[in-house]
Structure formats: structure tokens, C-alpha cells
> 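Quick one: the structure is below, questions incoming.
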Amino acid sequence: MAGNREEAPDYGRGVVIMDDWPGYDLSLFTYPQHYYGDLEYVLIPHGIIVDRIERLAKDIMKDIGYCDIMVLCVLKGGYKFCADLVEHLKNISRNSDRCVSMKVDFIRLKSYRNDQSMDEMQIIGGDDLSTLAGKNVLIVEDVVGTGRTMRALLSSIEKYKPNKIKVASLLVKRTPRSDGFRPDSHMCDQ
């Protein structure tokens with residue numbers, strides 16, 4: 001029907017860190033002594049990260065609709081973000097009237113060799129990706145740079161015909177080399 005089109009939910013742009021942002025003064029925070037002399041400022045305080053990850057979890061549960069989720073964590077950088085996000089998703093599930101089952105698997109993506117981008121991306125690890133057929137898949141990545149690697153991963157996963165694929169990223173790097181890819185949920189533009 002003309003005029004009716006399905007649109008992705010608008011989660012906004014996340015927190016935007018401007019290039020000229022000076023950060024927060026170190027005197028406002030406590031931090032380990034072994035960092036003294038190495039840090040100049042705090043760019044994103046831990047509390048903001050925690051609050052934003054909780055908001056991402058709520059948005060993801062709303063979008064996926066309290067259905068079972070297969071989480072694919074992109075290693076190595078995405079591990080801590082993924083663990084925190086999954087914990088928030090579990091808390092939301094525990095406090096709802098429907099229990100959401102979550103399975104987490106880990107993959108590594110290899111798209112560079114000696115700092116040069118390769119034509120093909122390799123997916124290393126993870127269970128047999130054919131098990132993603134008919135599932136709701138949440139890909140969790142720490143940083144989306146140009147977007148090319150994520151698009152290649154999505155293309156690989158789509159071959160297995162999952163029910164739904166969503167991408168959550170902690171950071172989206174502003175770069176002139178970006179192909180315009182934006183994750184469904186992200187914490188911050190840097």
C-alpha cells in the first residue's frame with residue numbers, strides 16, 4: 001500500500017562527542033594510581049557508559065519484542081560491552097512477564113592483513129552459523145569504523161536466513177572513509 005513503509009525505530013544518534021570536546025577534568029574522578037601521569041582527561045565517565053548501555057538494552061528488547069535472542073559478540077574489543085549489555089538484557093527479562101532466552105557466541109573478524117584491508121572478510125570461531133536460521137540475532141561490536149566489515153558480516157549472516165538481525169555498537173567512529181553504515185543501537189559517536 002502506498003505511503004505505508006516499515007521504518008526502523010529511531011533511537012537517536014546516541015551521545016555525540018565533538019572533536020573539540022576537552023573532556024572532564026581528572027580531579028572530578030578517582031582512578032588507579034598507575035594511570036597517574038598518563039591521563040589528561042576523562043572522555044566518557046563510567047556512569048554515562050552504564051546508563052547508556054541500560055538504555056540500549058531497553059531499546060533492543062522493545063525492538064526485538066521479548067523474543068529469544070542469539071547474541072554474536074565480535075571479539076576481542078566487544079567482550080566487556082557485550083557482557084554488560086547481556087547482563088542488562090537479562091535484568092529486563094527477569095523483571096518482565098516473559099522470560100527471554102539468550103545464547104551468546106563469540107566470533108572474530110579478520111578483514112586486515114598487516115594494516116591493509118583485504119578484499120574478503122574471514123569469520124573465525126563461533127558455532128555453525130547455519131544454526132542462526134530463523135533466530136533473532138544481535139551482533140555486538142565495540143567500534144564501528146568505516147562500516148565495511150559490519151556490512152560484510154551482515155551479508156554473510158543473512159545467507160543463513162535469520163528471523164531478524166540487529167547490530168549494537170558501543171562507539172561509532174566518525175571517519176571520512178565511512179560507507180554510511182549505522183548500527184541499530186549505539187552508545188556514542190566519537
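Each residue takes its place number in the sequence, starting with 1. A quick note: this is a predicted structure, and the numbers were derived from the prediction, not measured.
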> Atom CD1 in Ile139, atom NZ in Lys166: separation rounded to 0.5 Å?
11.0 Å
> Measure the OH-CG distance between Tyr79 and Asp142 for me, rounded to the nearest 0.5 Å.
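Here the interatomic distance stands at 14.0 Å.
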> Measure the CG-CG distance between Asp105 and Leu72 for me, rounded to the nearest 0.5 Å.
6.0 Å
> Go through the steps for Asp84 and Lys80 under the test salt bridge (Lys or Arg N to Asp or Glu O under 4.0 Å), then give the verdict.
CA-CA 6 Å; Asp84 292 346; Lys80 177 67 170 129; 2.9 Å; yes
> Out of the candidates Arg98, His88, Met61, only one should pair with Ser93 under the side-chain contact (heavy atoms from CB on, under 4.5 Å) rule; please name it.
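Answer after filtering Arg98, His88, Met61: Met61.
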> So do Leu129 and Leu132 actually touch side chain to side chain, heavy atoms under 4.5 Å?
yes
> Mind checking whether Ile60 and Val71 have side chains closer than 4.5 Å, heavy atoms only?
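The answer is no; the side chains never approach within 4.5 Å.
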> Using 0.5 Å steps for rounding, measure from the CE atom of Met150 to the CD1 atom of Ile157.
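Nearest 0.5 Å value for the CE-CD1 distance: 8.0 Å.
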> Do Leu28 and Val42 have side-chain heavy atoms sitting under 4.5 Å apart?
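No, their side chains stay 4.5 Å or more apart.
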> Which is it for Leu170 and Val143 under the side chain to side chain contact (heavy atoms under 4.5 Å, CB included) test, yes or no, and what are the steps along the way?
CA-CA 6 Å; Leu170 182 62; Val143 179; over 6 Å; no
> When rounded to the nearest 0.5 angstrom, what is the spacing between CG in Leu154 and NZ in Lys159?
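Atom-to-atom, Leu154:CG and Lys159:NZ are 12.0 Å apart.
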> Is Leu109 reachable from Ile124 through a run of hydrophobic residues whose side-chain heavy atoms are each under 4.5 Å from the next?
no
> Enter the distance from Phe106:CZ to Cys82:SG here, rounded to the nearest 0.5 Å.
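The CZ atom of Phe106 sits 6.0 Å away from the SG atom of Cys82.
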> Under the ring pair (Phe, Tyr, Trp, His ring centres under 6.0 Å) test, which residues partner Tyr35, sequence neighbours left out?
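Testing Tyr35 for ring pair (Phe, Tyr, Trp, His ring centres under 6.0 Å), a comparison that skips the adjacent residues, returns none.
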> Do Trp21 and Leu43 have side chains that get closer than 4.5 Å, going by heavy atoms?
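A side-chain contact under 4.5 Å exists here.
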> Say whether, by atom type as modelled, one donor and one acceptor occur between the side chain of Lys58 and the main chain of Glu54 under 3.5 angstrom.
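Side chain of Lys58 to backbone of Glu54: no pair is present.
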> Given Val137 and Ile64, is the side chain to side chain contact (heavy atoms under 4.5 Å, CB included) satisfied, shown in steps?
CA-CA 9 Å; Val137 178; Ile64 290 180; over 6 Å; no
> Identify, with sequence neighbours excluded, every residue that meets ring pair (Phe, Tyr, Trp, His ring centres under 6.0 Å) alongside Tyr31.
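Per chain and number, Tyr31 pairs via ring pair (Phe, Tyr, Trp, His ring centres under 6.0 Å) with Tyr36.
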> Taking Ala152's backbone N and O only, do any of them form a donor-acceptor pair with Ser156's side chain (distance below 3.5 Å, no angle check)?
yes
> Quick check: do Met70 and Asn136 have side-chain heavy atoms less than 4.5 Å from each other?
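Counting from C-beta outward, Met70 and Asn136 never come under 4.5 Å.
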> Does the pair Lys135 and Asn163 meet the rule for a side chain to side chain contact (heavy atoms under 4.5 Å, CB included), with working shown?
CA-CA 5 Å; Lys135 304 260 175 64; Asn163 180 48; 5.9 Å; no
> Dump the intermediate steps for side chain to side chain contact (heavy atoms under 4.5 Å, CB included) on Ile48 and Tyr24, then the final yes or no.
CA-CA 12 Å; Ile48 290 175; Tyr24 294 95; 4.1 Å; yes
> Is there a donor-acceptor pair under 3.5 Å between the side chain of Asp68 and the backbone N or O of Val100?
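No, the answer is negative, given that no donor and acceptor are paired below the 3.5 Å cut-off.
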> Using side-chain heavy atoms (C-beta onward) and a distance below 4.5 Å, is Lys173 in contact with Val144?
no
> Just do the salt bridge (Lys or Arg N to Asp or Glu O under 4.0 Å) check on Arg94 and Glu87 with the steps written out, would you?
CA-CA 10 Å; Arg94 275 193 287 274; Glu87 189 59 36; 3.3 Å; yes
> Return the minimal non-hydrogen interatomic distance between His34 and Asp38, and the atom names on each side.
O-OD2, 3.6 Å
> Would you find more than 12 non-hydrogen atoms of other residues, nucleotides or ligands less than 6.0 Å from Phe29 atom CZ?
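Result for CZ/Phe29: enclosed.
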> Among Val140, Leu85, Leu89, find the one that has a side-chain contact (heavy atoms from CB on, under 4.5 Å) with Leu56.
Leu85
> May I ask you to test the Leu138-Val167 pair for a side-chain heavy-atom distance under 4.5 Å?
no
> Quick check: do Thr149 and Val74 have side-chain heavy atoms less than 4.5 Å from each other?
no
> Can a salt bridge be assigned to the pair Arg55 and Asp59 using a cut-off of 4.0 Å between side-chain N and carboxylate O?
yes
